[in-house]
J.: 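Below you will find the structure I want to go over with you.
FYI, side chains are in, hydrogens and waters are out, and symmetry mates aren't considered; it's all heavy atoms of this structure. In this text the structure is predicted, and so the values were computed from the model without any measurement.
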Amino acid sequence: MSLIKQLWLAIIALLLLSFIGSLAISITSSRDYIEQEVRIKNEDNATALALSMSQLNKDVVTLELLISAQFDTGYYRRITLRDTEGQVLIERSANEYRGDVPAWFRNLIHFDVPIGMATIQDGWRQFGTLELESQHSFAYASLWRIMLELAGWFLLAGAISLAIATVVVRGIKHPLVRVVAQAKDISARRFTTIKEPRTLELREVAQAMNVLSANVRQMLSQESQKLDELRRHLQHDRVTGALNRDVFMGRLSSLMGSEDARATGLMVMTRVEALETLNEQLGHQATDQLLSELVTQLLKLAPTQEEALVGRLNGSDFILMLPLEEDTKALIPRLRQALDTIALKAPNIGIRLPTAVVAYTPHDGRGGLLATLDDALAEAESASARTTVVVREHQHNSLFGNHAEWRSALNAAITLGPQLAYFPVIDAHHNVLHYECPARLELANNWQTAGMFIPWISRFHLEPALDIAVVKKALEQLAGNPAQTLGINLSIASITNAEFVIELRMLLEKQPQLAKQLCFEVPAILNTHAIGSLRGLCTALRPLGCQFGIEHVGAEFTKLADLHDIGLAYLKIDSSLIGGIHTSYEQQTIVRGMATLCHSLGIQVIAEGVTEQAELESLFGVGVDGATGPGVRLN
């Protein structure tokens with residue numbers, strides 16, 4: 001039985017005990033008082049009537065008339081006149097009860113009053129004895145009225161008491177519910193914090209659990225910082241902070257071989273000419289600061305730093321990837337401004353920063369893309385200007401000729417409904433954890449992958465419509481095979497859209513059994529607003545049994561401490577950290593650290609982009625819980 005029910009039972013029992021006890025005491029006291037009054041009345045009336053009869057002639061008819069007159073007043077139950085030998089001379093009685101008091105109440109009360117007795121004299125001689133017993137109807141009516149008044153008062157007082165108790169219990173219940181919910185969250189490794197209740201005992205419990213949650217968050221922050229420092233030490237250039245060549249090339253290959261929308265964008269390569277001469281003229285420290293500033297300026301070209309990828313290919317060559325960026329004309333002025341900022345750092349030296357810009361798509365190979373960049377960079381170097389930018393426009397056949405055709409085709413494809421691909425996510429025992437289900441849309445009479453249409457979906461702000469259509473398709477698939485668990489991608493634009501969240505919840509509430517089989521994944525590019533939206537989405541859908549995960553998590557993902565109270569089920573490590581992990585001790589160290597950190601929160605770690613068995617074995621060896629990719633096959 002719950003504590004609240006016990007508290008209510010205690011309050012109700014206390015009220016009933018008070019009511020019954022007070023009523024019993026009041027009735028008993030009133031009955032004793034009435035019995036005493038009736039006894040006195042019997043004695044007084046018997047004495048008065050006997051005195052009146054003593055003064056009359058002792059004619060039986062006269063005495064009977066006097067007794068009848070007295071009895072007919074209605075206040076007497078019995079009047080009896082006996083002679084000196086005890087024989088009844090005259091008797092009037094009324095055994096039937098008069099009134100509306102219930103019989104059970106009369107039987108419960110049952111007045112026990114002695115009869116009044118008096119002696120009748122005939123001169124100096126005793127004539128007889130008069131016995132008088134009052135009618136109890138008025139006593140019963142008085143006592144019944146007292147009981148009804150007390151019951152009415154106690155009902156009113158009980159209602160007021162229950163109203164006050166409701167407020168008190170609610171004041172206790174709300175913080176208690178919060179404390180219980182926090183305890184459940186902590187047991188599920190969601191380290192939430194709550195407002196401390198005013199109740200002393202609950203406040204002490206809440207304080208202890210809040211301290212625990214704060215300590216966990218601090219621990220996660222410290223461990224994330226250590227992991228980030230290790231990552232930077234192993235993967236980044238110590239001077240500029242850019243990615244090392246091998247790491248950048250690995251991420252580039254992983255991205256170009258995926259169906260991710262980030263496989264479309266722009267790539268910028270900048271060369272610092274005559275670096276050795278700069279070192280001699282400026283000194284090593286000033287030159288290092290100049291290179292570091294160049295990387296900073298390149299990062300500023302991205303809408304958010306989470307989306308940009310900067311690498312140092314060698315001492316003087318720096319490369320920047322801008323996923324989902326397609327507007328070259330808008331980029332060039334900002335790029336020139338950034339390069340001019342670097343050139344003006346040492347105006348007397350004459351720094352030259354030739355730069356090449358190339359667009360890339362999922363169909364480009366890494367070798368061909370880099371060759372195009374080198375060719376454009378060579379052209380930029382041949383120019384005499386300090387900051388020459390050469391652009392190679394990507395020549396590819398677009399599915400549609402203009403924006404209007406794209407918008408119309410996307411709306412029609414979403415209305416028709418997407419198609420879901422199935423990629424298994426397995427554990428170390430080759431059991432299926434769930435299926436990744438990226439969407440396909442029918443465009444230009446063919447089913448196109450996400451990398452082809454997602455940039456246009458984002459441009460037209462159609463992410464919520466597409467995601468709702470994908471969820472509907474997933475529920476339709478689950479209706480035919482409810483034993484499966486499907487992983488669905490949700491965009492940041494969707495989870496930050498309140499109307500989308502409401503529509504999604506209404507859709508899932510109609511099919512709660514199927515909703516339990518859905519896993520929702522969001523990209524790792526999460527700002528503060530997106531984290532808040534994700535927290536709200538998890539809170540709204542968690543009662544339906546949905547699971548939540550984050551995909552494409554790179555080594556630079558440092559927001560785990562901010563997600564300690566969300567209740568993520570899993571985290572998918574980006575393929576850029578997975579490729580060749582069986583031959584890279586640095587990658588194994590980073591992935592092992594990420595797995596350990598996630599496991600402390602009860603979060604499963606899943607590897608993306610696994611291509612061969614050796615990678616799979618190495619991943620399970622460093623503590624990864626699941627894997628997916630081209631190299632993952634069901635036995």
J.: Verify, without hydrogens or angle tests, whether Asn42 (side chain) and Glu133 (backbone) share a donor-acceptor contact under 3.5 angstrom.
T.: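 No, because the side chain of Asn42 does not come within donor-acceptor range (under 3.5 Å) of the backbone of Glu133.
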J.: Hey, could you give me each pair passing side-chain hydrogen bond (donor to acceptor under 3.5 Å, both in side chains) that has a residue in residues 468-485? Not counting sequence neighbours.
T.: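 Pairs touching residues 468-485 that pass the test: Thr485-Gln517.
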J.: Taking only Lys NZ, Arg NE, NH1 and NH2, and the carboxylate oxygens of Asp or Glu, determine whether Arg82 and Glu91 approach each other closer than 4.0 Å.
T.: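 Looking at Glu91 together with Arg82, the answer is no, because their closest N to O distance does not fall below 4.0 Å.
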J.: Can Asp44 and Lys41 be counted as an ion pair, charged N to O under 4.0 angstrom?
T.: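 So Asp44 does not pair with Lys41 through a salt bridge.
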J.: Mind checking the CG-CD1 spacing from Leu17 to Ile12? Nearest 0.5 Å is all I need.
T.: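 Spacing of CG (Leu17) from CD1 (Ile12) equals 13.5 Å.
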J.: Taking atom CZ of Phe460 as the centre, report whether more than 12 heavy atoms of other residues, nucleotides or ligands fall under 6.0 Å from it.
T.: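 Check passes, neighbour count above 12.
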J.: Is there a donor-acceptor pair closer than 3.5 Å between any side-chain N or O of Ser600 and the backbone N or O of Leu597?
T.: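 Judged by distance alone, yes, a pair lies under 3.5 Å.
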J.: How close do Thr496 and Ser533 get, counting heavy atoms only, and between which atoms?
T.: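 Distance-wise, the nearest heavy atoms are CG2-OG, 3.3 Å.
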J.: Could you tell me which non-hydrogen atom of Ser494 sits nearest to which non-hydrogen atom of Val501, and how far apart they are?
T.: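 Scanning both residues, the minimum pair turns out to be O-CG2, 4.4 Å.
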J.: Between Ser22 and Leu150, does a side-chain contact (heavy atoms from CB on, under 4.5 Å) hold up when you go through it step by step?
T.: CA-CA 9 Å; Ser22 299; Leu150 282 175; over 6 Å; no
J.: Is the shortest heavy-atom distance from the side chain of Leu81 to the side chain of Met53 under 4.5 Å?
T.: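 A side-chain contact exists here, since the closest heavy-atom pair is under 4.5 Å.
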J.: I need the minimum non-hydrogen distance between Gln70 and Ile79, along with the two atoms involved.
T.: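 Closest heavy-atom pair between Gln70 and Ile79: CG-CD1, 4.2 Å.
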J.: Below 4.5 Å, heavy atoms only, C-beta onward: do Leu508 and Glu503 meet side chain to side chain?
T.: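 When only atoms from C-beta onward are counted, Glu503 and Leu508 do not touch, as no gap falls below 4.5 Å.
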J.: Which atom pair, heavy atoms only, marks the closest approach of Ile573 to Met594?
T.: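 Taking every non-hydrogen atom into account, CG1-CE, 4.2 Å.
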J.: Would Asp467 and Ser491 count as having a side-chain donor-acceptor pair, cut-off 3.5 Å?
T.: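 Yes, because at least one side-chain N or O of Asp467 sits under 3.5 Å from a partner of the opposite role on Ser491.
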J.: As a quick check of understanding, evaluate side-chain hydrogen bond (donor to acceptor under 3.5 Å, both in side chains) for Tyr570 and Glu521, giving each step before the final call.
T.: CA-CA 9 Å; Tyr570 59 87; Glu521 304 174 5; 2.8 Å; yes
J.: Measuring from Cys519:SG to Asn489:CG, what's the distance to the nearest 0.5 Å?
T.: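 The SG atom of Cys519 sits 11.0 Å away from the CG atom of Asn489.
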J.: Lys572 vs Glu436, test: salt bridge (Lys or Arg N to Asp or Glu O under 4.0 Å). Steps then yes/no.
T.: CA-CA 11 Å; Lys572 291 184 176 179; Glu436 284 188 342; 2.6 Å; yes
J.: Is the closest side-chain heavy-atom distance between Val624 and Ile606 below 4.5 Å?
T.: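 In short, these two side chains do not touch, never coming nearer than 4.5 Å.
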J.: Atom CG in Leu14, atom CG in Leu9: separation rounded to 0.5 Å?
T.: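 Result: 12.5 Å between the selected atoms.
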J.: Decide yes or no for Gln604 and Leu571: does some side-chain heavy atom of the first lie under 4.5 Å from some side-chain heavy atom of the second?
T.: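 Counting from C-beta outward, Gln604 and Leu571 never come under 4.5 Å.
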J.: Heavy atoms only: give me the nearest Ala515-Cys546 pair and the separation to one decimal.
T.: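 In this case the closest contact between Ala515 and Cys546 is O-SG, 3.4 Å.
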J.: Could you tell me if the side chain of Ile115 sits less than 4.5 Å from the side chain of Leu132, heavy atoms only?
T.: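 The answer is no; the side chains never approach within 4.5 Å.
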J.: Looking only at atom types and distance, does a side-chain atom of Asn497 sit under 3.5 Å from a main-chain N or O of Ala493, one as donor and one as acceptor?
T.: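 It does not hold such a pair.
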J.: Given Thr80, which of Leu89, Leu130, Ile90, Val88 fulfils the side-chain contact (heavy atoms from CB on, under 4.5 Å) condition?
T.: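 Output: one option passes, namely Val88.
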J.: Out of curiosity, Glu37 CD to Ser142 OG, how far, rounded to the nearest 0.5 Å?
T.: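 Nearest 0.5 Å value for the CD-OG distance: 11.0 Å.
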J.: Looking at side-chain heavy atoms only, is the closest gap between Asp83 and Phe127 below 4.5 Å?
T.: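 No. Closest side-chain heavy atoms not under 4.5 Å.
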J.: I would like to know whether Leu478 and Leu518 meet side-chain contact (heavy atoms from CB on, under 4.5 Å); could you show each step before the answer?
T.: CA-CA 9 Å; Leu478 286 173; Leu518 288 179; 3.7 Å; yes
J.: To the nearest 0.5 Å, tell me how far Ile67 CD1 sits from Ser52 OG.
T.: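 Reported to 0.5 Å precision, the distance equals 11.0 Å.
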J.: Do the side chain of Asp625 and the main chain of Val605 share a donor and acceptor less than 3.5 angstrom apart?
T.: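 The answer is yes, because a donor-acceptor pair under 3.5 Å joins these two groups.
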J.: Given Arg39 and Glu43, is the salt bridge (Lys or Arg N to Asp or Glu O under 4.0 Å) satisfied, shown in steps?
T.: CA-CA 6 Å; Arg39 179 180 59 79; Glu43 294 290 341; 6.0 Å; no
J.: Starting from the C-alpha separation in whole Å, work towards a yes-or-no answer on side-chain contact (heavy atoms from CB on, under 4.5 Å) for Glu442 and Leu416.
T.: CA-CA 8 Å; Glu442 188 175 5; Leu416 177 65; 3.2 Å; yes
J.: Within the 3.5 Å criterion, strictly below it, is a donor on Ser93 or Arg77 matched to an acceptor on the partner's side chain?
T.: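 No pair is found: no donor N or O on one side chain lies under 3.5 Å from an acceptor on the other.
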J.: How long is the span from the SG atom in Cys437 to the CD1 atom in Ile488, to the nearest 0.5 Å?
T.: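 Result: 5.0 Å between the selected atoms.
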J.: Is the shortest side-chain heavy-atom distance between Phe500 and Leu490 below 4.5 Å?
T.: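 Phe500 vs Leu490: side chains touch.
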J.: Report yes if some heavy atom in the side chain of Leu526 is under 4.5 Å from a heavy atom in the side chain of Ile550; otherwise report no.
T.: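 The answer is yes, as the side chains (C-beta and beyond) meet within the 4.5 Å cut-off.
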J.: Using only atom types and a distance under 3.5 Å, with no angle test, would you say the side chain of Asp122 pairs donor to acceptor with the backbone of Gln126?
T.: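 A pair under 3.5 Å: no.
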J.: Run Leu534 and Ile566 through side-chain contact (heavy atoms from CB on, under 4.5 Å) and show every step you take.
T.: CA-CA 8 Å; Leu534 178 59; Ile566 287 183; 4.1 Å; yes
J.: Between Ser54 and Ile120 (side chain of the first, backbone of the second, donor and acceptor by atom type, cut-off under 3.5 Å), is there such a pair?
T.: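 No.
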J.: Give me the atom names and distance for the closest heavy-atom approach of Met117 to Ala46.
T.: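 That closest heavy-atom pairing would be N-CB, 4.0 Å.
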